[in-house]
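Contents: one structure, followed by commentary.
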Amino acid sequence: MGNHTVEKIGGTSMSRFGEIIKNIIIGNRKGAELYNRVFVVSAYGGITNLLLENKKTAEPGIYGSFAAGDNDAWQEKLEQTRLEMIRINHCFESIGLDTKTADDFVNERMEGINDCLLHLMKLGSFGHFNSSAYLPATRELLSSVGEAHSAFNSVLILQKMGVNAVFVDLSGWRDQEFFSMEENIISHMKDLDLASCMPIVTGYAKCAEGVMAKFDRGYSEITFSKLAVATQAREGIIHKEFHLCTGDPKMIGIDKVRTIGHTSFDIADQLADMAMEAIHPQASKEMALHNIPIRVDNAFDPGHAGTLISNNYVSPTPRVDMICGRKDIIGIEIYDSEMVGAAGYDYRVLKAFDAHKVSYIAKNTNANTITHYVSERSKNLAGCIEQIRSEFPRAEISCREVAIIGVIGSNMKLPGFLYRAAKALAEAEINVLALDQCMRQVNMQFIIDRKDFEKAHTALHHELVEKEEPFC
């Protein structure tokens, strides 16, 4: 195990880089204290949306417009994105960024992308070339630019401050060779003395299989994880804009939520299922396997230890770690009298889920009914439901918009937790449509009407967190 940490800084935090330097990167550290830390950086807030598409609204960026064949739009958006990147550069001039060097870097990359896309347009004008052959690579290329921009700027600023920062560009810019992500990381890190330099690493890492193709917008945490494992880090640290809390402070109140403090990789998986990712679930798997703990801290609360995620942690006293949930849920209910005693009925249902790459979050069954709860944003959901209808023509199949509220904790094996949760919902006049809990008792999931989503959060948090003693 190494003596260093691998630390990830998100896009919103990168946009406040002056504070990040003060709170995280330098602070009160001097000399050798600055080193044995590797930083993986995301693109500045909003840049990846401009390069690809808006993550929340799906408004097309450069890639979205190019993929749609809107040639005027993608060229216009490329210029808008270039200007926005240069605007960001000049925001950091006051903390030492050499804006001419930074602007030259942006212009060189964006001009290269413009030339590449123009050539692809010409290629596509010939009937023998299908866009499916080059669009995945185009998405990879565009994705890589944001992190290269922020990492390059960070190195310039830190070097001006006397830090021996090193730009580690994993993006593969103009690199004709293809490696696995691990090989790419190792080849760039092998000659660096972590005790005397500070690598600033791009969150995008080029690899033969295509990082966007495998992980889409979660790729920077995959890079963080692979880097921690490849270099045998003693700890991984994720710097976010908030603490990992017992509930959503915007919904419940900042004065009522508590920082979790310590939890397990198992609980991190449960949170990811509820779209409350402490870390991308595929990223955490390798770190858990190699016994590298992950610390999630608030980049703007530097005196706080944050939340440590480690293997096999179980709270010494029964408690609820978090109340969280999802409103984007569709319940697909199949009622069929022929289901009773029939072997493999659910297997036949799940073949449709598998065929359309739709995963479910929870499931309820009884003698003649199976209900799967899936995200309404699942791609190919309509095709999946249509296949189920075709496979079971005599079944009654209905879909209902619902929400799920999860009560999650590493130690909830105590009589009364379920009773207290159900009682709190009843007292808030919330009808429980369905309930899901495994025998491991780390997660209770209540399916409710969407209109009761916020009220359920407040009621459960008040009963199961606020009435308990504060965490140690």
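These figures come from a predicted structure and were not determined experimentally. Numbers here are sequence positions counted from 1.
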For R29, look at atom CZ and say whether over 12 heavy atoms of other residues, nucleotides or ligands are found less than 6.0 Å away.
yes
From OH (Y134) to CE (M121), nearest 0.5 Å:
9.0 Å
Closer than 4.0 angstrom, basic N to acidic O: yes or no for R139 and E53?
yes
Donor-acceptor pair between Q75 and N71 side chains, under 3.5 angstrom
no
Are there more than 12 heavy atoms of other residues, nucleotides or ligands under 6.0 Å from atom NZ of K256?
no
Assign the ring pair Y360 / H372 to parallel, tilted or perpendicular, where the plane angle (0 to 90°) is split at 30° and 60°.
perpendicular
Residue pairs fulfilling salt bridge (Lys or Arg N to Asp or Glu O under 4.0 Å) with at least one residue in residues 294-309, sequence neighbours excluded:
E235-R295
So, are E19 and K22 salt-bridged, with charged N and O less than 4.0 Å apart?
no
So which heavy atom on T231 is nearest to which on L227, and how close?
OG1-O, 2.7 Å
Could you pull out every donor-acceptor pair under 3.5 Å between side chains of residues 157-168 and any protein atom, sequence neighbours left out?
residue: Q159; atom: NE2; partner: A165; partner atom: O; Å: 2.9
residue: N164; atom: ND2; partner: S196; partner atom: O; Å: 2.9

Using a strict 4.0 Å threshold on nitrogen-to-oxygen distance, state whether D98 and K100 make a salt bridge.
no
When you check the gap from the basic side-chain N to the acidic O, do R258 and E468 get nearer than 4.0 Å?
no
Whether E33 and K30 form a salt bridge (side-chain N of Lys/Arg under 4.0 Å from carboxylate O of Asp/Glu) is what I want to check.
no
Not counting sequence neighbours, list each pair that qualifies as a ring-ring contact (aromatic ring centres under 6.0 Å, His included) and has a residue in residues 252-271.
H262-Y313
Lys/Arg N to Asp/Glu carboxylate O, D269 vs K285, below 4.0 Å
yes
Determine, for D449 against R400, whether the closest basic-nitrogen to carboxylate-oxygen distance falls under 4.0 angstrom.
yes
Does N28, at its CG atom, have more than 12 non-hydrogen atoms belonging to other residues, nucleotides or ligands within less than 6.0 Å?
no
Please determine which of E183, E221, E286 meets the salt bridge (Lys or Arg N to Asp or Glu O under 4.0 Å) test together with K226.
E286
Do the charged groups of K327 and D248 touch, with an N to O distance under 4.0 Å?
no
